[in-house]
Amino acid sequence: MIYEFTKKNIEKAAEIIKTGGLVAFPTETVYGLGADGFNPLAVAKIFEVKNRPDFNPLILHVSDSETIEKITTCRSQKVFDLIEKFMPGPVTLVLPKREIVPDIVTSGKPSVGVRMPSNEVASEFIKTCGTPIAAPSANMFGMLSPTKAEHVEKQLGDKIEMILDGGECNVGVESTIIEFADGKFFVLRYGGLPAEEIETFLGEKLTLKRNELSPNSPGQLKSHYAPHVPIYFIDEVDIEKTKSDRAGLLVFKENRFGDKFRSVKVLSPSGDLREASANLFKFLHEFENENVEFILAEKVPEHGLGLAIIDRLSKAVNRYKIKS
Ligand code: TXA
Ligand code: MG
């Protein structure tokens with residue numbers, strides 16, 4: 001349902017966010033579908049509602065630069081100058097993340113996108129929530145980004161509790177995405193803030209990371225996180241022969257495969273795909289830290305968020321298939 005911009009409605013929106021729900025909100029670029037960026041289960045709901053067949057890193061929306069310092073380890077003066085100059089505004093910076101940012105927000109990547117919208121409704125909403133808001137554009141997978149509350153209502157109206165109305169988005173295209181890595185700036189996506197303005201300010205040409213990020217072909221991100229250890233699907237190997245104390249076992253609800261493993265992780269003991277999604281990247285990282293030599297993964301049910309989980313695991317499995 002669409003709610004007008006009043007103090008009472010902002011408070012109601014913040015309450016929904018605090019209790020793990022989703023709120024669609026206006027920004028100067030496009031409408032976003034927001035969740036508490038520090039709550040992995042709430043973030044998993046975003047993928048569920050958008051009906052995404054895969055995971056994609058999400059931008060954290062903040063209302064002040066202190067919060068940016070809380071979520072990134074970046075201490076570059078150049079980056080802070082950029083923030084000072086262009087934020088709030090239609091630009092996103094991809095910076096090295098701090099531990100506090102859940103893996104599901106970044107799809108397991110070590111960097112996080114941060115953006116400070118200039119839209120007044122967005123800013124009041126984020127401030128009142130008191131937490132960074134993880135949000136992609138508020139459209140169904142494969143559909144156009146919404147620039148009016150009515151567009152959101154049409155696509156997601158029956159799936160979310162609240163759409164905050166901020167009228168029409170005055171920029172109307174998504175934010176420009178700039179990544180800072182190894183002391184250099186790269187453009188990941190052209191958008192609402194002209195790249196030339198950033199180049200003039202920095203006094204340097206920006207390199208476009210080609211194919212790195214193609215908004216029209218989600219899931220094509222080359223830098224999507226893939227574990228550094230081989231993954232195999234249990235139903236594609238002879239499990240009795242493959243079992244090993246050098247292996248990590250990743251199962252959906254319960255372990256039916258015995259305990260001859262270095263480490264066993266259960267994605268969701270209650271069989272909840274949302275919980276499974278919220279745990280996926282975290283567990284893959286944990287396996288790496290436990291130095292398992294390979295991972296045996298059970299397939300999860302093939303519906304809803306299960307499709308995104310299988311997609312992500314399949315990509316990792318295929319990497320190792322091609323080589324062998
Ligand atoms: O204007 C915008 O940026 C809108 C409003 C709602 O803020 N948001 C938006 O989000 O366009 P989304 O999820 O539709 O697009 C964000 C893009 C995705 O293609 C994602 O892959 C990329 O940003 N992205 C986010 N975090 C990233 C990261 N750590 N590294 C590389 N790319 C990242
Ligand atoms: Mg989008």
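Order of listing sets the numbers, starting from 1, for every ligand and every atom in it. Just so you know, these numbers come straight off a predicted model, no measurement behind them. These numbers come from the heavy atoms of this one structure, side chains and all, not from hydrogens, waters or symmetry mates.
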| request: Report yes if some heavy atom in the side chain of L60 is under 4.5 Å from a heavy atom in the side chain of I71; otherwise report no. | output: yes

| request: May I ask you to list the atoms of ligand 1 that are less than 4.0 angstrom from any heavy atom of S175? | output: 1 (O), 2 (C), 3 (O)

| remark: Between the CD1 atom in I309 and the CZ atom in F281, the distance rounded to the nearest 0.5 Å is 9.0 Å

| Test item, R189 contacting ligand 1 (heavy atom, 4.0 angstrom) | yes

| message | Can you list, by chain and residue number, the hydrophobic cluster partners of V173 when the side-chain cut-off is 4.5 Å? | response | V171

| request: Starting at OG1 of T128, measure out to NZ of K18 and round the result to the nearest 0.5 Å. | output: 8.0 Å

| task | Validate the cation-pi geometry between K209 and F186: distance from NZ or CZ to the six-membered ring centre under 6.0 Å, angle to the ring axis within 45°. | result | yes

| field | H61 neighbourhood, listing ligand 1 atoms whose heavy-atom distance to it stays under 4.0 Å | value | 5 (C), 6 (C), 7 (O)

| query | Who else is in the cluster with V264 when I, L, V, M, F, W and Y are joined by side-chain contacts under 4.5 Å? | reply | Y232, I234, V237, I239, L249, V251, F257, F261, V266, F294, L296

| note | Per-atom filter on ligand 1: closer than 4.0 angstrom to a heavy atom of L188 are 31 (C), 32 (N)

| said: Closer than 4.0 Å to some heavy atom of P136 - which atoms of ligand 1 meet that? | reply: 10 (O), 12 (P), 13 (O)

| request: Go through the structure and list residues passing ring pair (Phe, Tyr, Trp, His ring centres under 6.0 Å) with F201, not counting sequence neighbours. | output: F86

| request: Please determine if K50 has a nitrogen or oxygen closer than 3.5 Å to a nitrogen or oxygen of ligand 1. | output: no

| note | side chain to side chain contact (heavy atoms under 4.5 Å, CB included) test vs I178 passes for just one of L202, V187, L188, L95, namely V187

| field | Minimum non-hydrogen distance to atom 28 (C) of ligand 1, winning option of T27, N119, V94 | value | V94

| ligand 1 atoms in contact with T29 (distance to a heavy atom under 4.0 Å) | 1 (O), 2 (C), 4 (C), 5 (C)

| Could a heavy atom of I177 be found less than 4.0 Å from some atom of ligand 1? | yes

| message | Do K148 and Y31 form a cation-pi contact, if we require the NZ or CZ to be under 6.0 Å from the six-membered ring centre and within 45 degrees of the ring's axis? | response | no

| query | Given side chains that start at C-beta, do those of E275 and S277 come closer than 4.5 Å, heavy atoms only? | reply | no

| task | Have a look around the Mg ion (ligand 2) and list protein N/O/S atoms under 2.8 Å, or say none. | result | S137 OG

| field | Side chain to side chain, F5 and E120, heavy atoms closer than 4.5 Å | value | yes

| If you measure from atom 31 (C) of ligand 1 to every heavy atom of K109, E179, R115, which option wins on shortest distance? | K109

